[in-house]
Amino acid sequence: MRVFKFGGASVKDADGIKNVYDVLQKVGHEDVLVVISAMGKTTNAFEVVIKNYFDKSAELQASIQEVRKYHNQILMDLFDDENHAVFAAVTKIFTDLESFLKNNKSPNYNFVYDQVVSLGEVISTCIVSHYFNHVGLKNQWLDVRELIKTDNTYRDAVVDWEATQKNISKNVKKKTLNITQGFLGSDDNNFTTTLGREGSDYTAAIFAYCLNAESVTIWKDVPGVLNADPRYFENAILLNQISYREAIELAFYGATVIHPKTLQPLQKKEIPLFVKSFVNPLLPGTRVSKGADLEPQTSCFIVKKNQLLISLSSLDFSFIMEENISEIFMLLHKFKIKVTLIQNTAISFSVCVDDKFGNFAELKSVLSKKFHVTYNDNVSLYTIRHFTEKSGDAVAKNKVVLVRQVSRETLQIVTKEA
Ligand code: ASP
Ligand code: MG
């Protein structure tokens, strides 16, 4: 069996969905399980709904209607007959949402979040499955919440592999086209859980693992994994082959194409992962598998913008040692600030961090009691895997380099625009 994943961008409108149909015609759809994300930016739109709900905002209804209108347009573009069962099916999802919001008593933001955002995937697969049947591509729609079981860490649920394995073995039909939702699972009480933003790739890996699939393909709007983000680097080139290990390294340094969680289950069973273009589905794309580390052998560039470089020195010139450092890390962890690079000298300690949740001001006031704290905000962290002198110089050109750190295969530079 093969597992395919189509993300939000591939099903963002009626043409996108028709293109998914074309892809399946070209590459085959027998003995396939397709994992689909919410359409376009639906997850973000539902996040607004949830915020309005908790803020008791007057905009609540309008924000729900916006999501509804978006999907309605797609329905009208796909189906001529407004009496087709899909219209009632989608309407029911929205009616259920309204009654959930009306009756919900739980003040738990993360719980409510999962019950609501999950509808994006439920709606998208409902529409795609009906559309495929409508145009003669018979398929089986599966509710992933009856298959992937998790704990109740809402928004970041942990998979119960044993139960999941049992459910998947029992319910996924071989020799047919199965369609299911990415990103979702359910807990012991059958409440919906989610696996973390962008979690649909991980869903594909979970299925592949449990089905002993022959491969996973993630269909994207790019030709595969590139050696650099074309938004920031010229002349990006396509990587043909990446080993699991190299892919995990790249993901660790911030390459966003493949989530590290996705690679783990695949690597365990040596199931190859392909990243291919949904525009040119017959091209080979990138293969992540056992084998050559990187082909072609080339430098890979990863940039993380909008980082903070924090430098701490002791107030009394004492060394910064294990005890201080572990305390600093505990605080970083507590404030959910992610460390992307570390550098220390006898009396100073620098960390480059990603303050996604905007907690630095609070952290700084705590740290200032013990350390002299200085920082540069809005810096960029460049990581070059398999660097050469030339590639390092090219990145540093016209920039002020604040930190430069070299290990055998990796060069990291923290810069400020000159
Ligand atoms: N729809 C979810 C998100 O946008 C999951 C995914 O797209 O992978 O985060
Ligand atoms: Mg998405």
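For this chain, numbers begin at 1 and follow the sequence in order. Order of listing sets the numbers, starting from 1, for every ligand and every atom in it. Only this structure's heavy atoms are used, side chains among them; waters, hydrogens and symmetry mates stay out.
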Please verify the inter-ring angle class for F111 with F191; under 30° counts as parallel, over 60° as perpendicular, anything in between as tilted.
perpendicular

Just grab all the ring pair (Phe, Tyr, Trp, His ring centres under 6.0 Å) pairs involving residues 36-61, residues at least two apart or on different chains.
F54-Y109

Give yes or no for whether the N/O distance cutoff of 3.5 Å, strictly under, is met between K5 and ligand 1.
no

Spell out, as yes or no, whether a donor-acceptor pair under 3.5 Å connects the side chain of T125 to the backbone of Q181.
no

Would you mind listing which atoms of ligand 1 come within a distance below 4.0 Å of any non-hydrogen atom of R197?
3 (C), 4 (O), 9 (O)

So is G8 close enough to ligand 1, meaning a heavy atom under 4.0 angstrom away?
no

Do D151 and T153 get their side chains close enough for a donor-acceptor pair, meaning under 3.5 Å?
yes

Under 3.5 Å, side-chain donor or acceptor atoms of residues 75-88 against the rest of the protein: list the pairs with distances, not counting sequence neighbours.
residue: D77; atom: OD1; partner: Q73; partner atom: NE2; Å: 3.1
residue: D81; atom: OD1; partner: N83; partner atom: N; Å: 2.8
residue: H84; atom: ND1; partner: V86; partner atom: N; Å: 3.0

Ligand 1-proximal atoms of S37, by part, heavy-atom distance under 4.0 Å:
side chain

Numbering the atoms of ligand 1 from 1, which are under 4.0 Å from a heavy atom of F183?
2 (C), 5 (C)

Paired with P281, the side-chain contact (heavy atoms from CB on, under 4.5 Å) test is passed by just one of K26, Q25, K276, namely K26

Any N or O on D201 sitting closer than 3.5 Å to an N or O of ligand 1?
no

What do you reckon, does K41 put a non-hydrogen atom under 4.0 Å from ligand 1?
no

